[in-house]
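Got a structure for you, written out below as structure tokens; questions coming shortly.
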Amino acid sequence: MDGQNFQNNSYEQPGYQQPSSPEPKKTDTLAIVSLILGIAAIVLGCCITYLGIALGIGGIVCSVMSKKKQKSGLATAGMVCSIIGIVFAVIWIVGSVAIMGWLASMGYDVSSLM
């Protein structure tokens, strides 16, 4: 179009530099691992109780280590999920033992259930 050069499509004024933005915080890997372990502890705490407890403890350890490096919402969420997973697993174990004791007191043979 009229011999104009459209190679330079820059709309910036000469000498203008955009202000540098602060570098975004990098997400801590331990915080992510803590959250994943916490969610897995909740899910498995109701089915495979001992694995849920182990994953919950691992999630708490990773969360504490992550919080020592930098405060992170993911680390806090991982700790909360891990604690909830452990509590679910313990409640499930206590409930199972209570039901087995109740069935044994009613005269049922619970040795075949274990």
Side-chain angles (χ1 to χ4, degrees):
M1 297 170 62
D2 297 10
Q4 294 177 352
N5 186 0
F6 289 102
Q7 296 293 331
N8 187 3
N9 291 332
S10 175
Y11 295 106
E12 295 178 12
Q13 297 175 354
Y16 176 77
Q17 294 180 356
Q18 292 184 350
S20 62
S21 61
E23 265 189 48
K25 290 183 180 179
K26 292 186 178 181
T27 305
D28 189 16
T29 306
L30 280 174
I32 295 171
V33 170
S34 169
L35 184 61
I36 291 171
L37 288 176
I39 292 171
I42 290 173
V43 171
L44 295 176
C46 297
C47 304
I48 308 168
T49 54
Y50 299 111
L51 185 58
I53 291 173
L55 291 174
I57 291 171
I60 290 173
V61 169
C62 288
S63 175
V64 168
M65 289 172 54
S66 173
K67 281 187 171 188
K68 283 184 180 179
K69 291 196 315 192
Q70 69 178 8
K71 297 282 184 182
S72 170
L74 282 176
T76 304
M79 180 169 287
V80 169
C81 288
S82 298
I83 291 170
I84 290 172
I86 290 172
V87 168
F88 278 171
V90 169
I91 288 173
W92 193 261
I93 290 172
V94 169
S96 298
V97 169
I99 290 172
M100 297 284 264
W102 177 70
L103 288 174
S105 70
M106 299 291 284
Y108 291 102
D109 182 25
V110 293
S111 61
S112 64
L113 299 175
M114 289 188 220

*Do Leu55 and Ile60 sit in the same hydrophobic cluster, where Ile, Leu, Val, Met, Phe, Trp and Tyr count as joined when their side-chain heavy atoms come under 4.5 Å apart?*
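Per the 4.5 Å side-chain linkage, Leu55 and Ile60 are not co-clustered.
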_Using every non-hydrogen atom in the two residues, find where Ile53 and Ala89 come nearest and quote the distance to one decimal._
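So the two residues come closest at CG1-CB, 3.5 Å.
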*asked:* As an exercise, state the distance from CG of Leu51 to CG of Leu44, rounded to the nearest 0.5 Å.
replied: 5.0 Å
*Indicate, with yes or no, if Ile84 and Tyr50 share a hydrophobic cluster defined by side-chain heavy-atom contacts under 4.5 Å among Ile, Leu, Val, Met, Phe, Trp and Tyr.*
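Hydrophobic grouping puts Tyr50 apart from Ile84.
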*Is the backbone of Gly59 close enough, under 3.5 Å, to the side chain of Ser63 for a donor and an acceptor to pair up by distance?*
no
*Please walk me through it: do Lys71 and Thr76 pass side-chain contact (heavy atoms from CB on, under 4.5 Å)?*
CA-CA 8 Å; Lys71 297 282 184 182; Thr76 304; over 6 Å; no
*Short question: side chain of Ser82, backbone of Ile57 - any donor-acceptor pair under 3.5 Å?*
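A pair under 3.5 Å: no.
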*Indicate, with yes or no, if Ile83 and Val90 share a hydrophobic cluster defined by side-chain heavy-atom contacts under 4.5 Å among Ile, Leu, Val, Met, Phe, Trp and Tyr.*
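Yes.
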_Approximate separation, where rounding is to 0.5 Å, of Ile32 CD1 and Cys62 SG_ = 11.5 Å
*Distance in Å, Ile86 CD1 paired with Ile42 CD1, rounded so as to fall on 0.5 Å steps*: 10.5 Å
*Can Ser72 and Asp28 be said to form a side-chain hydrogen bond (donor to acceptor under 3.5 Å, both in side chains), step by step?*
CA-CA 8 Å; Ser72 170; Asp28 189 16; over 6 Å; no
_Same apolar cluster: Ile99 and Ile93, side chain cutoff 4.5 Å_ =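 No, Ile99 and Ile93 fall in different hydrophobic clusters.
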*Are Leu37 and Trp92 connected, step by step, through hydrophobic side chains (Ile, Leu, Val, Met, Phe, Trp, Tyr) whose heavy atoms are closer than 4.5 Å?*
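Cluster IDs for Leu37 and Trp92 differ.
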*Taking side chain as C-beta onward, heavy atoms only, is Ser34 less than 4.5 Å from Leu74?*
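No, side chains not in contact.
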